[in-house]
2 protein chains.
Amino acid sequence: MSHPLRTHIEAVSKLTDEEFDHILSHFTPVKLKKHSSLVREGDLVKHEYFVLKGCLRSYITDNTGKEFTYQFAVETWWISEREAFMKHTPASTAIECLEDCQLLALSYEDREKLGRELWKYEHYLAVKSNMGYVALQKRLQLMIMGSAKERFENFVHQYPHLYNRIPKTHIASYLGVSRETISRLYRK
Amino acid sequence: MSHPLRTHIEAVSKLTDEEFDHILSHFTPVKLKKHSSLVREGDLVKHEYFVLKGCLRSYITDNTGKEFTYQFAVETWWISEREAFMKHTPASTAIECLEDCQLLALSYEDREKLGRELWKYEHYLAVKSNMGYVALQKRLQLMIMGSAKERFENFVHQYPHLYNRIPKTHIASYLGVSRETISRLYRK
DNA sequence: GGGGTGAAAGGACATTTGTCACTTAAAAAT
DNA sequence: ATTTTTAAGTGACAAATGTCCTTTCACCCC
């Protein structure tokens, strides 16, 4: 059974054992308890993370205390605060663990280094970034064109495993509806 | 007075006269009349476009005939159908001219070629792509957290020059509200 | 320069979704 | 096990926004 990170990269381009070992040697394991924070608003974000085990979300809180969930991450997903990580500015979104988590951390410097050393890694990043952009476009489109019901059904269909794993409150804040609305839809 | 495309690239990195002339030599001028289509749904998209003069929008139409505007473009902006252009798949969004337009077209092959030949161009693309991602995130966030009023006011504040140039119908479809709602907000 | 065409404004009403207050259920802590 | 805390379900009502329809305005175009 191959390493989950290897599987993930090889969905884009195949690696030799040496290449993968070299890549993996730049990652640092991180363990976190449920409810702990990986990133707090205002932090500098020096790493991005690959999830080995557990579940996290990134979110922001507005001045009235309402939350908006940008992203969830479970096994084999990446998570970070992209803008802060890239530009070395303070984080405007927070990241918290929804379960006990095991992560692999990669620093900004090592990411750059890997990209320079290994074209396949650079390419993997470019493909990943592009897929992220397209996915975000789709989400925006659904947000604008779809009703609460359509958004909810799409979520359940797209992420059946998340739907029973993540508190409804957070799913609601990801979909941009109230928790009560989710309840009402769920009933039917 | 420098060429608008040069100014745009040089906001990221400075070019020599030779470099810019080399870049520019890969672009083809395109002229289009108001109301004409640059891309139709289902087309293959072989070029991306830099706007010299005029105004365009990209949009999709759902099965009930309702439209959603992805993007506007005026002087010095780029426009294309990113997914179709990148993946060589049929376009799922259309692009139309809201005014008479003068554009510069760059083919996929030439784009790749320029990126390979001139690192500064590759870098310019990467920066542009990253800014696009962050902007899209901000738009999604505002869409989810903001009221119709907030979204509208943000638009007017962010693009004061577009607000009097583009039909309200299209601004409404960009903001994900009905035209009537825009009218009501504008009244006050 | 009058007739036609498309965009915007406005009112009445319907629908969706949010808010609040309360109850129930489940999970965590001691 | 019992208590305490947290999440979810529910109903009544309010607010925001959409829909439909009519009127007005502005701009083109023979």
Side-chain angles (χ1 to χ4, degrees), chain A residues 32-37 54-57 59 61-69 72 96-101 140-156 162-188, chain B residues 33-37 54-57 59 61-69 72 96-100 140-156 162-188:
Chain A
L32 285 169
K33 284 267 165 231
K34 183 169 178 174
H35 294 134
S36 59
S37 293
C55 178
L56 310 91
R57 69 172 186 130
Y59 64 98
T61 310
D62 74 7
N63 36 33
T64 75
K66 205 173 292 179
E67 289 185 348
F68 162 54
T69 296
F72 296 116
E96 69 173 7
C97 300
L98 302 179
E99 304 173 357
D100 291 357
C101 287
L140 178 67
Q141 181 189 330
L142 191 62
M143 188 63 217
I144 290 189
M145 299 185 82
S147 65
K149 182 175 181 182
E150 284 172 299
R151 271 146 41 209
F152 177 69
E153 283 170 356
N154 180 270
F155 183 88
V156 175
L162 295 190
Y163 159 71
N164 280 315
R165 187 169 174 183
I166 293 175
K168 303 281 175 292
T169 312
H170 298 148
I171 295 179
S173 85
Y174 177 86
L175 295 175
V177 297
S178 68
R179 197 182 42 72
E180 288 90 338
T181 299
I182 296 279
S183 264
R184 283 190 280 247
L185 291 170
Y186 178 53
R187 245 185 272 180
K188 291 154 198 170
Chain B
K33 285 266 166 231
K34 184 169 174 171
H35 293 135
S36 59
S37 291
C55 178
L56 309 90
R57 71 174 186 126
Y59 63 99
T61 310
D62 75 8
N63 36 35
T64 75
K66 203 174 293 180
E67 289 186 348
F68 161 55
T69 297
F72 295 116
E96 71 174 4
C97 300
L98 303 180
E99 304 172 359
D100 290 358
L140 178 67
Q141 180 189 330
L142 191 62
M143 187 64 216
I144 292 189
M145 299 185 82
S147 64
K149 182 175 181 183
E150 286 172 299
R151 269 143 44 207
F152 176 69
E153 283 170 356
N154 180 272
F155 183 88
V156 175
L162 295 189
Y163 160 71
N164 280 316
R165 186 169 174 182
I166 293 174
K168 302 279 175 292
T169 312
H170 298 148
I171 294 179
S173 85
Y174 177 87
L175 294 175
V177 297
S178 68
R179 197 179 42 69
E180 289 89 339
T181 298
I182 296 279
S183 264
R184 282 190 281 248
L185 291 170
Y186 177 55
R187 245 185 270 182
K188 291 153 200 172

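Below, chains carry the letters A, B, ... as their sequence lines are ordered, and counting in each starts from 1. Worth knowing before you read on, the calculation uses all heavy atoms, side chains too, and leaves out hydrogens, waters and symmetry mates.
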Tell me: [atom1] of [X] to [atom2] of [N], nearest whole Å?
X: B:Glu99; N: D:dC27; atom1: CD; atom2: C1'; value: 15 Å
X: B:Lys168; N: D:dA26; atom1: NZ; atom2: C1'; value: 13 Å
X: A:Phe152; N: C:dT16; atom1: CZ; atom2: C1'; value: 17 Å
X: A:Asn164; N: D:dA7; atom1: CG; atom2: P; value: 17 Å
X: A:Leu98; N: D:dT6; atom1: CG; atom2: P; value: 15 Å
X: A:Glu67; N: D:dA7; atom1: CD; atom2: P; value: 11 Å
X: A:Tyr163; N: D:dA7; atom1: OH; atom2: P; value: 17 Å
X: A:Ile166; N: D:dA7; atom1: CD1; atom2: C1'; value: 15 Å

ask   = Is it true that a side-chain atom of A:Glu153 and a backbone atom of A:Glu150 form a donor plus acceptor pair closer than 3.5 Å?
value =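 Not confirmed, A:Glu153 side chain does not pair with A:Glu150 backbone.
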
Provide the closest heavy-atom pair for [X] versus [Y] in the form atom of the first, atom of the second, distance.
X: B:Leu162; Y: B:Ile171; value: O-CD1, 4.3 Å
X: B:Arg165; Y: B:Glu99; value: NE-OE2, 2.8 Å
X: B:Val177; Y: B:Ala148; value: CG1-CB, 3.7 Å
X: B:Phe152; Y: B:Leu175; value: CA-CD1, 3.7 Å
X: B:Arg151; Y: B:Leu142; value: CD-O, 3.5 Å
X: B:Ser173; Y: A:Ile144; value: O-CG2, 4.4 Å

request  = Would you please test A:Asp100 and A:Lys34 for salt bridge (Lys or Arg N to Asp or Glu O under 4.0 Å) and show each step?
outcome  = CA-CA 4 Å; A:Asp100 291 357; A:Lys34 183 169 178 174; over 6 Å; no

I'd like a list of close polar pairs between nucleotides 23-28 of chain C and the protein, N/O only, cut-off under 3.5 Å.
none

query = A:Tyr59 and A:His170: side-chain contact (heavy atoms from CB on, under 4.5 Å), yes or no, with the steps?
reply = CA-CA 9 Å; A:Tyr59 64 98; A:His170 298 148; over 6 Å; no

ask   = In Å, rounded to the nearest 0.5 Å, how long is the span from CZ of A:Phe155 to CG of A:Leu185?
value =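 It is 13.5 Å, given to the nearest 0.5 Å.
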
message = Determine whether B:Tyr174 and B:Arg57 satisfy the following criterion, side-chain contact (heavy atoms from CB on, under 4.5 Å), listing intermediate values before the conclusion.
response = CA-CA 10 Å; B:Tyr174 177 87; B:Arg57 71 174 186 126; over 6 Å; no

query = If the sugar-phosphate is the primed atoms plus P, OP1 and OP2 and the base is the rest, what is the B/S/- string for nucleotides 12-24 of chain D, using protein heavy atoms under 4.0 Å?
reply = B----SBBBB---

ask   = Once you build an axis from the first five pairs and another from the last five of the helix from C:dG1-D:dC30 to C:dT30-D:dA1, how far apart in angle are they, to 10 degrees?
value =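 For the helix from C:dG1-D:dC30 to C:dT30-D:dA1, the axes at opposite ends meet at about 50°.
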
